[in-house]
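Start at 1 with the first residue, then count along the sequence. When reading the values below, keep in mind they use all heavy atoms of this one structure, side chains included, and skip hydrogens, waters and symmetry mates.
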Amino acid sequence: MRCVLHIGTEKTGSTAIQQYLYANREELRKVGVCKSLSAGNINNRALPAAFIPDNMADDFLKARELVSLQQRHNWKAQFLRDFTAEIRSASEWADVFVISSEHFHSRLLHIDKVTALHEFLAPLCDDITIICYLRRQDQMALSLYSQVLRAGYVPQTILPTQWTEEQDIYFDFERLLDRWAQGFGENNCVPRIYSRTDLVNGDVVADFLQTAAICISPIATTAKSNPALSAAAQAALLQVNARLQNDDSATTRSLRAKFVKYLEEISAGAGALPTRAEASTFYSAFKPSNNAVARRWFGRDELFDSGFLEYPETADNHAIEEGVDLWEQFISQEGGDTQQR
């Protein structure tokens with residue numbers, strides 16, 4: 001049985017792929033394809049969590065109150081036993097075993113962890129194919145901005161102006177592909193470009209199925225998750241997160257979650273944009289490594305189109321006042337909880 005391991009990257013339609021695989025698991029079974037469920041029904045989030053460094057904070061483990069090192073080790077041992085049982089059971093009827101989580105990209109940042117994952121999976125599969133989607137870093141960062149706002153953080157800028165070593169690894173596709181090629185073999189790694197012109201039929205699900213050599217049709221549509229937040233909604237979340245950042249109570253988390261849902265329902269749309277100069281400056285830090293990826297993996301000079309005309313020449317700050325209005329409307333709807341204001 002061959003294994004298809006989809007590692008992201010983040011913000012490249014991973015949820016659409018995962019929802020499709022889960023929604024169509026019975027149809028996939030008919031053609032000999034098993035999508036892992038022991039690692040998570042939609043996002044197989046547990047597998048990357050099992051291979052992160054012991055000192056790495058992780059929201060998946062935190063949500064399960066796996067605080068101490070011993071608790072984490074006990075959970076990991078039990079999970080890997082369950083996962084091993086699942087894949088061995090699947091090998092009795094399936095030709096392909098699919099694992100999908102964008103958190104492989106964001107959590108396994110060093111070669112030793114990728115190698116450890118390979119050492120675990122290799123005895124369970126005849127061969128392993130790594131599928132990885134790449135998106136231009138400035139576009140990836142814009143989508144990430146909304147995600148961190150939803151999670152309650154207070155980013156200082158839309159695009160990072162300074163970043164840590166971990167963030168540098170996160171955005172550096174040359175280093176990403178190099179460590180997975182070292183861990184699993186270069187011939188087993190299949191990077192793809194996340195853009196309408198490069199994807200099969202302009203669709204990431206269709207592209208994934210073809211790249212993974214999974215023969216199934218027709219492709220059922222899936223509901224879009226995490227609808228884009230408008231610039232005003234982002235401004236509202238930024239202000240609310242700043243007010244509530246020192247309060248991690250269950251009441252506050254619940255209020256923020258309700259507010260995010262409210263914004264998704266009434267203020268979806270195009271998010272805030274950095275200026276053209278800011279986007280170009282941010283992207284330029286990764287262009288040399290992108291060009292190296294283009295030459296090594298795609299046989300061309302440039303990885304992405306490097307135009308920035310979609311960005312404004314000057315910043316637009318009108319969304320801030322609109323954001324205040326959205327929060328006030330929400331509080332009024334919730335019953336006028338002025339203490340939270």
Going by heavy atoms in the side chains, are [X] and [Y] under 4.5 Å from each other?
| X | Y | result |
| --- | --- | --- |
| Val324 | Glu328 | yes |
| Ser14 | Asn43 | no |
| Leu263 | Leu326 | yes |
| Arg150 | Leu229 | yes |
| Pro312 | Leu273 | yes |

Kindly assign one of parallel, tilted or perpendicular to the pair [X] and [Y], based on the angle between their ring planes and the thresholds 30° and 60°.
| X | Y | result |
| --- | --- | --- |
| Phe79 | Trp75 | parallel |
| Phe286 | Trp163 | parallel |
| His105 | Tyr170 | tilted |

[X] side-chain N/O to [Y] backbone N/O, donor-acceptor pair under 3.5 Å:
| X | Y | result |
| --- | --- | --- |
| Glu265 | Tyr262 | no |
| Gln167 | Thr164 | yes |
| Asn241 | Tyr153 | yes |
| Ser332 | Gln329 | no |
| Ser280 | Ala277 | no |
| Glu278 | Thr275 | yes |
| Lys35 | Leu21 | no |
| Ser254 | Ala250 | no |
| Arg192 | Thr211 | no |

* Heavy-atom closest contact (Ser100 atom, Ile17 atom, distance) -> OG-CG2, 4.5 Å
* **Smallest separation among heavy atoms of Gly183 and His118, with atom names** => O-CG, 3.2 Å
Atom [atom1] in [X], atom [atom2] in [Y]: separation rounded to 0.5 Å?
| X | Y | atom1 | atom2 | value |
| --- | --- | --- | --- | --- |
| Ile52 | Leu47 | CD1 | CG | 11.5 Å |
| Leu149 | Ile158 | CG | CD1 | 9.5 Å |
| Phe184 | Ile130 | CZ | CD1 | 4.5 Å |
| Ile128 | Leu5 | CD1 | CG | 7.5 Å |
| Thr12 | Leu134 | OG1 | CG | 8.0 Å |
| Arg196 | Asn201 | CZ | CG | 11.5 Å |

* Stepwise side-chain contact (heavy atoms from CB on, under 4.5 Å) check, Met1 with Val96 -> CA-CA 6 Å; Met1 183 176 67; Val96 183; 5.7 Å; no
Given the rule that I, L, V, M, F, W and Y join up when any side-chain heavy atoms are under 4.5 Å apart, are [X] and [Y] in one cluster?
| X | Y | value |
| --- | --- | --- |
| Leu66 | Phe60 | yes |
| Met140 | Leu109 | no |
| Leu37 | Tyr20 | no |
| Leu199 | Ile216 | yes |
| Ile169 | Leu177 | no |

Does a side chain donor of either [X] or [Y] reach within less than 3.5 Å of an acceptor in the other side chain?
| X | Y | answer |
| --- | --- | --- |
| Ser289 | Glu174 | no |
| Thr252 | Ser249 | yes |
| Gln78 | Arg81 | yes |
| Glu102 | Tyr133 | no |
| Ser101 | Asn44 | no |
| Asn290 | Gln137 | yes |

Ring of [Y], cation from [X] - is the NZ or CZ under 6.0 Å from the centre and inside 45° of the axis?
| X | Y | value |
| --- | --- | --- |
| Arg29 | Trp93 | yes |
| Lys76 | Phe51 | yes |
| Arg25 | Tyr22 | yes |

* Asked: Could you walk me through whether Asp95 and Arg2 pass the salt bridge (charged side-chain N to carboxylate O under 4.0 Å, His left out) check?
  -> CA-CA 6 Å; Asp95 299 314; Arg2 67 185 176 93; over 6 Å; no
* Is any side-chain N of the basic residue among Glu27 and Lys30 closer than 4.0 Å to the acidic one's carboxylate O? -> yes
* **Arg175/Asp168 ion pair, N-O < 4.0 Å** => yes
* Asked: For the residue pair Phe173 and Trp180, is the inter-centroid distance of their aromatic rings smaller than 6.0 Å?
  -> no
* Would you check if the distance from the ring center of Phe282 to the ring center of Phe171 is below 6.0 Å? => yes
* To do: Determine, step by step, whether Thr197 and Ser195 satisfy the side-chain hydrogen bond (donor to acceptor under 3.5 Å, both in side chains) criterion, reporting the C-alpha distance in whole Å, the side-chain angles of both residues, the deciding distance to 0.1 Å, and the verdict.
  => CA-CA 5 Å; Thr197 56; Ser195 74; 3.3 Å; yes
* Considering residues at least two apart in sequence or located in another chain, which fulfil the salt bridge (charged side-chain N to carboxylate O under 4.0 Å, His left out) criterion with Arg276? -> Glu313
* Among all residues two or more places apart in sequence or in another chain, which pass the salt bridge (charged side-chain N to carboxylate O under 4.0 Å, His left out) test with Glu310? -> Arg136
* To do: Would you list the pairs meeting side-chain hydrogen bond (donor to acceptor under 3.5 Å, both in side chains) in which at least one residue belongs to residues 229-239, sequence neighbours left out?
  => Ser146-Gln234, Ser230-Ser267
* What ring pair (Phe, Tyr, Trp, His ring centres under 6.0 Å) pairs are there with at least one residue in residues 196-215, not counting sequence neighbours? -> His6-Phe208
* Can you list the steps and then say if Tyr311 with Asp138 is a side-chain contact (heavy atoms from CB on, under 4.5 Å)? -> CA-CA 11 Å; Tyr311 295 102; Asp138 57 298; 2.5 Å; yes
* Structure fact -> side-chain contact (heavy atoms from CB on, under 4.5 Å) test vs Gln71 passes for just one of Asn74, Val67, Leu69, namely Val67
* Phe330 vs Lys258, side-chain contact (heavy atoms from CB on, under 4.5 Å): CA-CA, chis, key distance, verdict -> CA-CA 9 Å; Phe330 169 73; Lys258 288 181 180 179; 3.9 Å; yes
* Asked: What salt bridge (Lys or Arg N to Asp or Glu O under 4.0 Å) pairs are there with at least one residue in residues 281-301, not counting sequence neighbours?
  -> Asp178-Arg296, Glu186-Arg296, Asp198-Arg300, Lys287-Glu302
* Asked: Any salt bridge (Lys or Arg N to Asp or Glu O under 4.0 Å) pairs touching residues 41-56, not counting sequence neighbours?
  -> Arg45-Asp58, Arg45-Asp59
